[in-house]
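FYI, the numbering just counts along the sequence from 1. The basis for the numbers below is simple: all heavy atoms, side chains too, and nothing from hydrogens, waters or symmetry mates.
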Amino acid sequence: MTVAVTGASGQLGRLVVEALLTAGERPVAIVRDPAKVADLAERGAQVRQASYDDPAALDAALAGVDRVLLISGNEFGARVAQHANVIRAAERAGVQLLAYTSIPVAPDNQMILAREHRGTEEVLATATVPTVLLRNSWYWENYAAGAAHAAQTGVLAGASGDGKVSGAPRADYAKAAAVVLTTDGHEGRVYELGGDTALTGADIAAVITEVTGTPVRYENVAEADYAAVLGQAGLPEPVAAALADADAGIADGLLEVRTGDLAKLLGRPVTPPAEVFRAILG
């Protein structure tokens with residue numbers, strides 16, 4: 001069985017390839033720039049070059065592949081069309097299973113970040129290739145910059161109110177994806193994935209306090225004000241707006257996941273938040 005991972009040089013993709021290598025697989029790592037995964041090639045990954053915008057290259061990259069993980073791209077506004085290119089290439093290649101990294105409750109999720117995931121799931125619903133949806137909640141690593149700043153200032157700003165987010169480290173989502181790619185029985189499944197512990201902004205501030213020894217409090221602000229804070233930190237305006245909107249989505253419970261699916265796929269508890277933040281801030 002041949003397993004492929006698209007976007008294999010990205011933060012999540014690289015971790016999935018590493019998990020597959022650890023499991024004894026020789027995965028296909030599909031990337032735009034092979035030089036970025038030279039180390040994975042040295043460890044046994046088969047590197048194939050293709051971008052989401054190049055159907056011919058995708059056909060070549062997926063030749064002989066049995067199962068593929070489509071990791072959502074990062075070119076906002078173009079992602080549905082790009083993802084459709086991969087899906088159609090998978091159909092032409094006769095792929096037996098296509099897994100896609102989506103977002104919790106995608107059909108009903110009104111967050112800005114959910115729009116293209118919803119569009120991609122609509123394409124997948126009409127695809128002839130068997131699919132499985134990996135609806136990942138938040139990565140704790142998304143708080144890295146904010147947590148570091150909070151440890152310096154004593155304040156963690158956000159717009160999530162008392163809403164809870166079921167975060168987990170990227171490595172746990174990656175391991176779960178590797179399990180889905182290398183075991184049977186996942187065709188047609190929808191996995192709502194998130195950590196075992198859902199935290200509010202105040203809870204996250206308490207975790208940062210615990211791991212750093214520096215008192216940190218959570219300060220809730222309006223969504224527009226939080227977007228301005230993120231913009232002042234150097235994020236482009238559309239990205240700042242999307243992340244502030246995501247915080248508002250957390251306030252509405254859109255990233256709280258109670259299924260336990262992630263722990264079930266891992267066969268163990270999800271890594272505790274304090275352990276993740278200790279590594280982030282180490």
Side-chain angles (χ1 to χ4, degrees), residues 2-14 16-17 27-34 36-37 46-137 139 173-174 176-178 180-181 186-193 238-239 242 245-246 249 254:
T2 301
V3 176
V5 179
T6 72
S9 62
Q11 292 175 305
L12 179 62
R14 171 175 284 275
V16 177
V17 173
V28 173
I30 300 175
V31 295
R32 287 180 294 184
D33 182 359
K36 292 184 177 180
V37 291
Q46 308 172 60
V47 178
R48 301 182 185 177
Q49 187 172 12
S51 77
Y52 291 170
D53 293 312
D54 190 338
L58 288 168
D59 284 342
L62 292 178
V65 167
D66 300 297
R67 298 178 181 179
V68 60
L69 174 65
L70 167 54
I71 294 182
S72 55
N74 57 11
E75 295 182 38
F76 296 105
R79 296 195 294 173
V80 176
Q82 291 177 333
H83 298 164
N85 285 338
V86 180
I87 294 164
R88 299 310 174 212
E91 291 175 325
R92 291 190 294 271
V95 167
Q96 298 169 12
L97 183 71
L98 187 152
Y100 172 65
T101 59
S102 190
I103 197 168
V105 293
D108 302 312
N109 192 320
Q110 296 305 306
M111 288 166 47
I112 291 172
L113 293 175
R115 293 173 185 169
E116 290 175 295
H117 288 300
R118 183 163 55 251
T120 300
E121 289 197 13
E122 290 170 356
V123 176
L124 286 167
T126 65
T128 59
V129 62
T131 62
V132 54
L133 298 177
L134 306 178
R135 291 178 173 165
N136 294 349
S137 187
Y139 306 132
Y173 291 113
V180 167
L181 291 169
H186 305 289
E187 179 181 333
R189 297 290 299 273
V190 177
Y191 292 109
E192 301 281 352
L193 302 174
V239 176
D245 174 78
L254 297 178

- Between V31 and S9, which heavy-atom pair has the shortest distance, and what is it? CG1-N, 3.5 Å

- Query: Do the side chain of N136 and the main chain of L193 share a donor and acceptor less than 3.5 angstrom apart?
  - Reply: no

- If you measure from CZ on R67 to CG on L62, what distance do you get to the nearest 0.5 Å? 15.0 Å

- Query: Counting only heavy atoms not in Q11, do more than 12 fall under 6.0 Å of its CD?
  - Reply: no

- Please report the shortest heavy-atom distance between A114 and I103, naming the atom on each side. CB-CG2, 3.8 Å

- Item | Donor-acceptor under 3.5 Å (N109 side chain, P104 main chain) | yes

- Over all heavy atoms of both residues, which pair between K36 and R14 is shortest? Give the atoms and the distance, please. O-NH2, 2.7 Å

- Message: To the nearest 0.5 Å, what is the distance between CG on D53 and CG on L58?
- Response: 9.0 Å

- Query: Could you state the interatomic distance from CG (L124) to OH (Y100), rounded to the nearest 0.5 Å?
  - Reply: 7.5 Å

- Task: Answer yes or no: is there a donor N or O on one side and an acceptor on the other, between the side chain of E187 and the main chain of L97, under 3.5 Å?
- Result: no

- Task: Report yes if some heavy atom in the side chain of R135 is under 4.5 Å from a heavy atom in the side chain of E121; otherwise report no.
- Result: yes

- Query: Checking H83 side chain against G73 main chain: does a donor-acceptor pair fall under 3.5 Å?
  - Reply: yes

- Item | Qualifying residue for side chain to side chain contact (heavy atoms under 4.5 Å, CB included) with T6, from L69, I30, T101, V16 | I30

- Got a sec: does the CZ of R79 have more than 12 other heavy atoms crowding it under 6.0 Å? yes

- Between G64 and T2 the two heavy atoms that sit nearest each other are O-CB, 3.6 Å

- Item | Atom pair CG/CD1 of L70 and I87 - distance to nearest 0.5 Å | 6.0 Å

- Got a second to check how far D59's CG is from E91's CD, nearest 0.5 Å? 11.0 Å

- Is a donor on one side and an acceptor on the other found under 3.5 Å between the side chain of R189 and the backbone of V180? no

- Item | Option from V129, T131, V86, T128 for which side chain to side chain contact (heavy atoms under 4.5 Å, CB included) with V95 holds | V129

- Please check if atom CG in N74 has more than 12 non-hydrogen atoms from other residues, nucleotides or ligands closer than 6.0 Å. no

- Heavy-atom side-chain contact between S72 and H117 under 4.5 Å: yes

- Any sub-3.5 Å donor-acceptor pair from D245's side-chain atoms to M111's backbone N or O? no

- Residue pair V123 / R88, side-chain heavy-atom distance below 4.5 Å: yes

- Note on the structure: Here the pair of heavy atoms bringing V28 nearest to A61 is CG1-O, 4.1 Å

- Could you check if a side-chain atom of Y52 sits within less than 4.5 angstrom of a side-chain atom of N85, using non-hydrogen atoms only? no

- Task: Check for a donor-acceptor pair, side chain of E116 on one end and backbone N or O of G77 on the other, with a separation under 3.5 Å.
- Result: yes

- Message: Quick one, V37 and V17 - any side-chain contact, counting heavy atoms below 4.5 Å?
- Response: no

- Message: For the CG atom of L134 and the CG atom of L181, what is their distance to the nearest 0.5 Å?
- Response: 7.5 Å

